[in-house]
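Encoded as structure tokens, the structure appears first; notes follow it.
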Amino acid sequence: QVQLVESGGGLVQAGGSLRLSCAVSGRTSAYSAMGWFRQAPGKEREFVAGITWGGGGTYYPDFVKGRFTISRDNAKNTMYLQMNSLKPEDTAVYYCAAGRVGANPESYDYWGQGTQVTVSS
């Protein structure tokens, strides 16, 4: 069983930065990759970033490249999402997930509770 707990969300002005954290516990061998998703009101859950634990590879959709960075610290069993140059359209609930490599929510088996990110103009 894998447990994920997000933290670091909050209110920030446009152009500012936030760093989200995802603490992982349980049997980490149950997954091969982790990722971040977000969901805004009236929209589908959207892939934000992914990372593989074994190879250290990262993957981003085009709309966050150059602004967001996913990373991990295996010693602390924690994954991070550094978000810079935030825009009001980044406002959403952000979810940490673990599972298989991919951009589809269906590829991930374990999910955190979500953390709210609000970007004001």
Closer than 3.5 angstrom, by distance alone: can the side chain of [X] be matched with the main-chain N or O of [Y] as a donor-acceptor pair?
X	Y	answer
Asn104	Glu106	no
Thr115	Gly9	yes
Thr52	Gly57	yes

Can you spot which of Tyr94, Trp111, Trp36 makes a side chain to side chain contact (heavy atoms under 4.5 Å, CB included) with Glu6?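 Going through the options one by one, the only one that passes is Trp36.
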
Could you work out, with side chain to side chain donor-acceptor pair (under 3.5 Å) as the rule, every residue matching Ser107, not counting sequence neighbours?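 Expected list: none.
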
Could you tell me if the side chain of Phe37 sits less than 4.5 Å from the side chain of Pro105, heavy atoms only? yes

Group every Ile, Leu, Val, Met, Phe, Trp and Tyr by side-chain heavy-atom contacts under 4.5 Å, then state whether [X] and [Y] land in the same group.
X	Y	value
Leu20	Tyr59	no
Leu18	Val93	no
Ile70	Phe47	no

What side-chain donor-acceptor pairs closer than 3.5 Å can you find for residues 83-90, not counting sequence neighbours?
{"unit_1": "Asn84", "atom_1": "OD1", "unit_2": "Ser17", "atom_2": "OG", "d": "2.9"}
{"unit_1": "Asn84", "atom_1": "OD1", "unit_2": "Gln82", "atom_2": "NE2", "d": "3.0"}
{"unit_1": "Asp90", "atom_1": "OD1", "unit_2": "Arg38", "atom_2": "NH1", "d": "2.9"}
{"unit_1": "Asp90", "atom_1": "OD1", "unit_2": "Arg67", "atom_2": "NH2", "d": "3.2"}
{"unit_1": "Asp90", "atom_1": "OD2", "unit_2": "Arg67", "atom_2": "NH1", "d": "2.8"}
{"unit_1": "Asp90", "atom_1": "OD2", "unit_2": "Lys87", "atom_2": "N", "d": "2.8"}

I would like to know whether Thr69 and Tyr60 meet side-chain contact (heavy atoms from CB on, under 4.5 Å); could you show each step before the answer? CA-CA 9 Å; Thr69 304; Tyr60 306 91; 3.8 Å; yes

Please confirm whether Arg19 makes a cation-pi placement over Tyr80, using NZ or CZ under 6.0 Å from the six-membered ring centre and within 45° of the ring normal. yes

